[in-house]
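Positions are given from 1 along the sequence. All values below come from the heavy atoms of this structure, side chains included, with hydrogens, waters and symmetry mates left out.
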Amino acid sequence: MPEKRIAVVGTGANGAAIAADMTDAGFDVTCIEQWPDHVEAIRDRGVEVRTPQGGSSITQLRIHHLCEVAELRDPFDLVYFVTKAYDARWHAELIRPLLAPDGLAVGVQNGMTLDEMADVLGPERTFGAVIEIAGNMFEPGVVERQTPKSGTWFALGPQSDASLLDRAEELAEPLRSAGAVEVTADVRSAKWMKLVANAAEMVPSAILGVPLVEALQVEGMREVMDAAGTEALDTALALGCKIVPMFGQEGIEDLPPERYAAALLDAVLAGWSLESTRVAVLQDWIKGRRAEGEEINGLVVAEQERLGRSAPVNQRLVELARRVESGELQLGLDNAQLLSNLPLGH
């Protein structure tokens, strides 16, 4: 059987690390990226991946800028979208002409991008993945990987019954070069459980402008994070999703709902957070970029409104995130006061 052609769309800290691992494992990988300086740096000297243990390796990647996609002709068998959730639909449109008729695509992203991708690529070709890996990128061509391969974890499964579960292994095999992969028939529930953790940690710590571990030391912030995660879990369950195992932790799914959100955050802190780990939302804001607050906390609010209910903690977080991105609110520890007087009880 001929070797499958792989595309990794989005080579930020996580995408570049995953692409490097796949390439080093011998897979035929082509990267597609929107940051011009990053593309040129990788072309000039390869991508450098620095590990938490102080090691460093350089991998030569085949990489194209977005503007060069129209020049590509050979179709891809497997496509991994490692982009922001808000970029999922238009990246799917970009790659659709290059996805082989029997090819598969997977969103290796936060947020809920399954249905947007399926709208463009077809449900029979669409898979989703939960990603648990930490990394920073502030210099073109350089990844500061804060989670080693031994600690990186993915859950992967079909968008719906229209995408065959038995084909998930085609996507899982290359991804195992970057970490452990669990194939699941209910990836929608798994993605919602990851969103529960993201709702708790991302915006609440980012508005303080400090790493996640430091944010948790600020008085009252753990309660805010747990409340945001609990609202997200309530939303997932109301939508028909199930509490499922996450991050390779045994027994976590057996916890009662009122403890599950806090347990997820504890798992993230124990396995994927160094003292210096800044969440993706904070990294985006430091770079002057839009973050995924709307796609995480905003999704909780929108779904609760659709159900005729409310999510006041996530609503306040969305409002603060919008103020940050409009330039009205500066990051800082004093922002913790803006989260006082919220209904934090379950």
Side-chain angles (χ1 to χ4, degrees), residues 10 12-15 82-87 109-112 131-138 143-147 194-232 261-262 264-302 311-340 342 344:
N14 294 334
V82 197
T83 65
K84 297 299 179 185
Y86 54 71
D87 284 337
Q109 303 155 315
N110 291 321
M112 296 298 295
I131 178 172
E132 196 53 52
I133 180 176
N136 298 327
M137 176 179 285
F138 295 100
V143 175
E144 298 172 9
R145 184 166 180 169
Q146 298 194 304
T147 307
K194 175 62 187 301
L195 192 142
V196 168
N198 286 157
E201 65 176 307
M202 290 283 193
V203 173
S205 65
I207 63 171
L208 304 185
V210 297
L212 175 59
V213 172
E214 184 175 344
L216 279 160
Q217 297 170 2
V218 176
E219 184 178 359
M221 285 306 299
R222 177 63 199 245
E223 290 77 10
V224 169
M225 293 182 185
D226 286 346
T230 297
E231 287 183 354
L264 279 184
L265 181 55
D266 287 339
V268 170
L269 291 168
W272 290 274
S273 297
L274 303 177
E275 293 288 334
S276 60
T277 298
R278 289 171 280 195
V279 297
V281 168
L282 179 55
Q283 292 188 50
D284 286 332
W285 285 346
I286 290 172
K287 297 171 184 175
R289 297 185 57 189
R290 173 185 169 192
E292 293 175 312
E294 299 287 349
E295 289 71 25
I296 297 173
N297 304 87
L299 181 63
V300 174
V301 174
V313 178
N314 281 278
Q315 179 67 59
R316 178 71 63 82
L317 292 169
V318 170
E319 292 168 356
L320 294 177
R322 290 171 180 167
R323 290 177 62 188
V324 169
E325 294 188 354
S326 70
E328 176 189 347
L329 181 66
Q330 299 301 308
L331 304 180
L333 295 175
D334 289 344
N335 290 337
Q337 300 173 7
L338 301 176
L339 294 168
S340 61
L342 283 171
L344 302 182

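Considering every non-hydrogen atom in both Gly293 and Val203, the closest pair reads CA-CG2, 4.1 Å. Nearest heavy-atom pair across Leu331 and Ala206 is CD2-O, 3.4 Å. When all heavy atoms of Ala134 and Asn14 are compared, the pair lying nearest together is C-OD1, 4.3 Å. The minimum heavy-atom distance linking Val143 with Ala13 is given by the pair CG1-O, 3.4 Å. The minimum heavy-atom distance between Ala232 and Ala199, with the atom names listed, is CB-CB, 4.0 Å.
Counting heavy atoms from C-beta on, the side chains of Asn110 and Met202 come closer than 4.5 Å. Glu295 is not listed as a side-chain neighbour of Gln109, based on a closest heavy-atom distance of 4.5 Å or more. No side-chain heavy atom of Pro211 sits under 4.5 Å from any side-chain heavy atom of Thr277. Contact annotation: the side chain of Met221 approaches that of Leu208 to within less than 4.5 Å [non-hydrogen atoms, C-beta and beyond]. Within the 4.5 Å cutoff, no side-chain heavy atoms of Ser205 are placed close to those of Leu282. Proximity of Tyr86 to Glu292: side-chain heavy atoms (C-beta onward) are separated by under 4.5 Å at one or more points.
Ionic pairing of Asp284 and Arg278 is not present here: no N-O contact between side-chain nitrogen and carboxylate oxygen is shorter than 4.0 angstrom. Comment: Glu325 does not engage Arg290 in a salt bridge, judged by the lack of any side-chain N to carboxylate O separation of less than 4.0 angstrom. Between Arg322 and Glu294 there is a salt bridge, since at least one side-chain N of the basic residue sits less than 4.0 Å from a carboxylate O of the acidic one.
Between Arg316 atom CZ and Ser340 atom OG the span is 7.0 Å, to the nearest 0.5 Å. Atom CG of Asn198 sits about 4.5 Å away from atom NZ of Lys194, to the nearest 0.5 Å. One finds the CG atom of Leu195 at 7.5 Å from the CG atom of Asn297 (value rounded to the nearest 0.5 Å). With rounding to the nearest 0.5 angstrom, the CD atom of Gln217 is 10.0 Å from the CG atom of Leu212. With rounding to the nearest 0.5 angstrom, the CE atom of Met225 is 13.5 Å from the OG1 atom of Thr230.
The side-chain hydrogen bond (donor to acceptor under 3.5 Å, both in side chains) search around Glu231 returns Asn314, not counting sequence neighbours.
Checking each of Leu338, Val281, Leu339 against Ile207 for a side-chain contact (heavy atoms from CB on, under 4.5 Å) leaves exactly one that passes, namely Leu339.
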Start with the C-alpha distance between Leu320 and Asn335, add both sets of side-chain angles, then the distance that settles side chain to side chain contact (heavy atoms under 4.5 Å, CB included), and finish with yes or no. CA-CA 9 Å; Leu320 294 177; Asn335 290 337; 5.9 Å; no

Verdict with reasoning, Gln283 to Asn136, per side chain to side chain donor-acceptor pair (under 3.5 Å): CA-CA 8 Å; Gln283 292 188 50; Asn136 298 327; 2.7 Å; yes

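Side chain to side chain, Glu144 and Ser276 fail the donor-acceptor criterion of an N or O pair below 3.5 Å.
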